[in-house]
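Everything on this sheet refers to the single structure shown next.
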Amino acid sequence: MRLALDPTQEDCVATHQICQILSTRSASPCADTLATVLQRINENKGKERLHATAGVDGSVYKKHPHFAKCLHKTVRRLVLDCDVRFLRSKDGSGKGAAMVTAVAYRLADQHCACQKTLEPLKLSREQLLEVKRRMKMLPTYVCATPDGTEKGDFLALDLGGTNFRVLLVRVQNGKSGGVEMHNKIYAIPQEVMHGTGDQLFDHIVQCIADFLEYMGMKGVSLPLGFTFSFPCQQNSLDESILLKWTKDFKASG
């Protein structure tokens, strides 16, 4: 933009000095206010030295070539017992920018501290393969963990010894959410444990049918989870192959 002015060298120097004076004077009240807040925080916390992060925003702070430097220098001169870090907001919003930025900086520091703590525990791919080679483990599949929105009735089966347990699990969400469980334990005769696979799973089906009738839910179709406590090669979430029987089970077929 042309202003149709023809300033002299002296005019330019004077204008420059006036701008410096104004920027310094505008930075000083901001620094005074921030220094007072920091002093009060330090007094309340009772620390010998306060470490603080100040989130800042505003066009003058962002664009003026000397305002930020003047603000930082004045604050640190006024609050000698405080280490202040200034973090500029980048969200484009002047409303609450300082608070949001300061909290974000604190969370970032916490994340860095956690990463530093966990760093010695990280394993390379080669180390993980070595762990897998040494440990007697079979891969399994967990696609997700509960997020609190689950609800409804579910059947759960637990086969892992001489007893077989059938459970009805009722999951509720909301303010009064909780988990309600009903279960019944069934013995597994030795002749079934040492019989055929068909005999074993026929017995399991009979136990489930008896439990549903006991709960007054005969004929109801429910999602089912099966804890099958024997070594299996799991090919997917709903498919696995028994490798061998343990716990005195010897069902054939």
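Worth saying up front: this structure is predicted, and the values here are computed from it rather than measured.
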Candidate pair V169 and V171, rule side-chain contact (heavy atoms from CB on, under 4.5 Å), full reasoning:
CA-CA 6 Å; V169 182; V171 182; 4.0 Å; yes
Show the numbers, then the answer: is there a side-chain contact (heavy atoms from CB on, under 4.5 Å) between K122 and Q115?
CA-CA 10 Å; K122 288 184 178 180; Q115 291 299 109; 3.8 Å; yes
For H72, does its backbone N or O pair with a side-chain atom of R77 as donor and acceptor, under 3.5 Å?
no
Transitively linked via ILVMFWY side-chain contacts under 4.5 Å: M181 with L157?
no
Would you say T246 and P231 make side-chain contact, with heavy atoms under 4.5 Å?
yes
Can you tell me if CD on Q190 sees more than 12 non-hydrogen neighbours from other groups inside 6.0 Å?
no
Rounding to 0.5 Å, atoms SG (C207) and CG (L159) come to a distance of 9.5 Å
Taking the side chain as everything from C-beta on, heavy atoms only, tell me whether N183 gets closer than 4.5 Å to I185.
yes
Here the salt bridge (charged side-chain N to carboxylate O under 4.0 Å, His left out) pairs for residues 244-253, sequence neighbours left out, are none
Working to the nearest 0.5 Å, report the span between CG of L34 and CG of L78.
9.5 Å
Candidate pair H182 and M215, rule side-chain contact (heavy atoms from CB on, under 4.5 Å), full reasoning:
CA-CA 9 Å; H182 305 272; M215 294 298 299; 3.7 Å; yes
Same cluster or not: are V131 and L129 linked, directly or through other Ile, Leu, Val, Met, Phe, Trp or Tyr residues, by side-chain heavy atoms under 4.5 angstrom apart?
no
Heavy-atom side-chain proximity of K184 to R165 below 4.5 angstrom:
no
Distance in Å, L38 CG paired with E43 CD, rounded so as to fall on 0.5 Å steps:
11.0 Å
What do you reckon, is CD of Q9 surrounded by more than 12 foreign heavy atoms closer than 6.0 Å?
no
Distance (rounded to the nearest 0.5 Å) between E213 CD and K218 NZ
5.0 Å
Can you measure from CG (D32) to OG1 (T74) and round to the nearest 0.5 angstrom?
8.0 Å
Salt bridge or not for E119 and K116, using N-O below 4.0 Å?
no
Close side-chain approach of E126 to E130, heavy-atom, < 4.5 Å:
no
Do E180 and L168 have side chains that get closer than 4.5 Å, going by heavy atoms?
no
Going by heavy atoms in the side chains, are F201 and I204 under 4.5 Å from each other?
yes
Under the criterion side-chain contact (heavy atoms from CB on, under 4.5 Å), I'd like the reasoning laid out for R49 against D83: C-alpha separation, chi angles, the key distance, then a yes or no.
CA-CA 7 Å; R49 190 163 194 82; D83 293 326; 2.9 Å; yes
Can you tell me if CZ on R40 sees more than 12 non-hydrogen neighbours from other groups inside 6.0 Å?
no
Relative to the ring of F228, is the ring of F226 parallel (under 30°), tilted (30 to 60°) or perpendicular (over 60°)?
perpendicular
Out of curiosity, does F154 fall in the hydrophobic cluster containing L222 (side-chain heavy atoms, cut-off under 4.5 Å, transitive links)?
no
Flag the pair Q39 / V79 as yes when at least one side-chain heavy-atom distance between them is below 4.5 Å, and no otherwise.
yes
Any sub-3.5 Å donor-acceptor pair from H194's side-chain atoms to S252's backbone N or O?
no
Is the CE atom of M217 crowded by more than 12 outside heavy atoms at less than 6.0 Å?
yes
Any donor and acceptor pair, going by atom type alone, linking the side chain of Y186 with main-chain N or O of F211 inside 3.5 Å?
yes
Between CG of L71 and SG of C30, what distance do you get to the nearest 0.5 Å?
6.5 Å
Is there a donor-acceptor pair under 3.5 Å between the side chain of Q199 and the backbone N or O of T196?
yes
The salt bridge (charged side-chain N to carboxylate O under 4.0 Å, His left out) partners of R125 (sequence neighbours excluded) come to none
Is there a path from L167 to I188 through hydrophobic residues (I, L, V, M, F, W, Y) whose side chains come within less than 4.5 Å of each other?
no
State, with a plain yes or no, whether a side-chain heavy atom of L243 is found less than 4.5 Å away from one of F230.
no
Under the 3.5 angstrom rule, does the side chain of Q127 hit a backbone N or O of S124 as a donor-acceptor pair?
yes
Those residues that, when tested against D81, pass salt bridge (charged side-chain N to carboxylate O under 4.0 Å, His left out) (two or more places apart)
none
